[in-house]
Number of protein chains: 2
Amino acid sequence: MKVAEPTVERLIQYYRLMSSMKEEGRKVVSSLQIGEILGIKASQVRKDLSYFGEIGKRGVGYHVNRLCTHIENILASPRVWRVALAGVGNLGAALMGHAAFKSYKFSVEALFDVDPEKVGRKIMGVDCFHSDEIARVMEDRNIEVLLLAVPAVAAQSCVDQAVRSPTLKGILAFTPATVIVPDRILFYRVDIFVELEKLLFFLKEREKNNFQPAGKLI
Amino acid sequence: MKVAEPTVERLIQYYRLMSSMKEEGRKVVSSLQIGEILGIKASQVRKDLSYFGEIGKRGVGYHVNRLCTHIENILASPRVWRVALAGVGNLGAALMGHAAFKSYKFSVEALFDVDPEKVGRKIMGVDCFHSDEIARVMEDRNIEVLLLAVPAVAAQSCVDQAVRSPTLKGILAFTPATVIVPDRILFYRVDIFVELEKLLFFLKEREKNNFQPAGKLI
DNA sequence: CTAAATTTGTGCAATAAATTACAAATGCTT
DNA sequence: AAGCATTTGTAATTTATTGCACAAATTTAG
């Protein structure tokens with residue numbers, strides 16, 4: 001039973017929404033209401049939510065607490081993933097400091113940087129090593145996931161080192177650089193500049209057509 | 001003639017690759033080679049590139065300089081977009097400091113923050129205003145695009161202010177918060193934590209199936 | 001208790017995107 | 001100059017994703 005990527009993405013959104021509704025004390029919600037808030041068609045919401053079994057109640061809607069727990073189970077981790085962050089510049093710091101970064105799904109077990117000011121110290125409670133030690137430390141500390149927040153020029157060399165550790169399973173990269181990664185490693189990318197380019201491109205298209213061809217909502 | 005989003009995304013990748021090949025002095029490249037580097041099927045590359053007219057040469061491949069200019073024209077801006085950045089924390093600073101952020105396609109005309117240390121000063125040459133002034137300043141300075149790098153709790157209020165300016169056309173948000181945006185505004189989102197959740201989810205799925213069902217490459 | 005109003009779950013249709021397969025064009029080799 | 005090896009462009013097909021429409025379940029009102 002495999003789940004499509006767009007479905008997982010929406011499940012995460014539903015989960016966030018249910019969490020906040022739970023806090024507000026809301027008890028029940030319909031697919032139409034979920035859809036309106038998130039900019040998704042109600043039928044899509046129902047299809048996504050029913051994929052893992054009947055969880056709603058006909059004529060009523062979805063029970064917020066129940067749905068929340070349900071999605072939590074679907075998205076649950078089998079264990080706490082061991083993560084390392086390479087690049088403790090502004091972006092890395094932004095990540096570390098972000099509330100959403102404190103998750104029970106993973107723990108940050110090592111940092112890497114080339115700045116002598118940072119190497120050898122603990123930053124926010126985590127040991128920072130020199131980037132030359134990525135392979136060794138990742139294996140020693142049994143790191144499964146690498147978050148790559150280094151400058152574009154350093155990206156490939158960090159990846160090359162990281163994949164030498166047999167413990168590595170996935171990489172999430174925040175760099176516009178093209179990197180080569182072996183098939184056995186799951187690779188995801190967050191590319192701010194691609195998104196910005198896309199926004200400007202479709203802004204131009206809208207202007208050309210002189211008005212709005214219904215872009216993305218939320 | 002409308003262009004699909006996945007196509008635009010790949011065009012941006014092709015453009016980056018061609019730029020770097022151009023610098024390396026490479027003259028010719030085939031769809032197969034492009035595809036291997038970027039993790040895209042050669043046929044997909046050809047379909048994307050031929051969409052705007054025949055640009056390659058059969059039996060030979062694509063001329064790097066020519067292809068570079070070609071894609072540049074497709075992605076070109078009609079003018080320099082006027083952009084503002086709300087939230088000059090770590091993430092905002094990371095953006096401002098990034099090499100890829102210096103583009104001839106847009107110029108940053110205003111910053112917004114609530115920190116009294118920053119408000120009223122120039123940061124990297126750009127005036128920083130208090131977030132309460134978003135609506136006024138955006139209209140005064142004719143800002144068309146807002147980059148939203150504020151904490152989740154502040155996101156909706158910033159958007160509400162920004163959409164009051166009739167000059168606003170698009171928003172790129174870096175927040176996991178759900179925000180309501182009117183249809184006339186083009187809205188894009190970069191959500192690091194959704195990507196991280198997706199990575200962990202599919203890592204779990206791989207493990208469950210005991211081995212790799214060919215994930216995303218690059 | 002019956003009828004009307006909601007709202008889910010889901011088979012089927014429609015749309016979007018990726019892949020295949022191959023003719024046409026080009027260059028290289030002999 | 002003829003034949004072979006490349007490589008593009010694209011029509012046709014396949015796969016993926018979304019949207020529609022309606023039966024089934026539930027609640028509310030009279």
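A note on names: the letters A, B, ... follow the listed sequences, proteins ahead of strands, and every chain is numbered from 1.
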Exercise. How would you label the contact of B:S43 with the nucleic acid (heavy atoms, under 4.0 Å): base, sugar-phosphate, or nothing?
Worked result: base
For this session: Report yes or no: does B:K2 contribute a side-chain atom to a donor-acceptor pair with the main-chain N or O of A:E205 at less than 3.5 Å?
Result: no
Exercise. Between A:K47 and A:G59, which is nearer to the 5' end of DNA chain C once each is assigned its nearest nucleotide?
Worked result: A:G59
Problem set entry | Output field: ring centroids B:Y62/B:H70 closer than 6.0 Å | no
Exercise. Contact class for B:A42 (heavy atom, under 4.0 Å): base, sugar-phosphate, or nothing?
Worked result: nothing
Problem set entry | Flag if over 12 foreign heavy atoms under 6.0 Å of NZ, B:K204 | yes
For this session: May I ask you to decide if A:E109's main-chain N or O and A:R141's side chain share a donor-acceptor pair within less than 3.5 Å?
Result: yes
Seminar exercise, completed: Per nearest nucleotide of DNA chain D, the residue lying toward the 5' end, A:K57 or A:Q44, is A:Q44
Exercise. Backbone N or O of A:Y188 within a donor-acceptor pair of the B:E195 side chain at under 3.5 Å?
Worked result: no
For this session: Quick one: label B:I55 by what it contacts on the DNA or RNA (base, sugar-phosphate, nothing), any heavy atom closer than 4.0 Å.
Result: sugar-phosphate
Problem set entry | Within the 6.0 Å centroid threshold, strictly below: A:F101 and A:F106 | yes
For this session: Using a 4.0 Å heavy-atom cut-off across all strands, classify B:T7 as base, sugar-phosphate, or nothing.
Result: nothing
Seminar exercise, completed: So the contacted stretch of DNA chain D, first to last nucleotide with an atom under 4.0 Å from a non-hydrogen atom of chain A, runs from D:dT17 to D:dT27
Exercise. Hey, mind stepping through A:R16 and B:E197 against salt bridge (charged side-chain N to carboxylate O under 4.0 Å, His left out) and telling me if it holds?
Worked result: CA-CA 12 Å; A:R16 284 181 183 169; B:E197 279 265 3; over 6 Å; no
For this session: Please find the earliest and latest nucleotides of DNA chain C, in the 5' to 3' direction, that have an atom within less than 4.0 Å of any heavy atom of chain B.
Result: C:dA17 to C:dG27
Problem set entry | Exam field: side chain B:R26 to backbone B:V28, donor-acceptor pair closer than 3.5 Å | yes
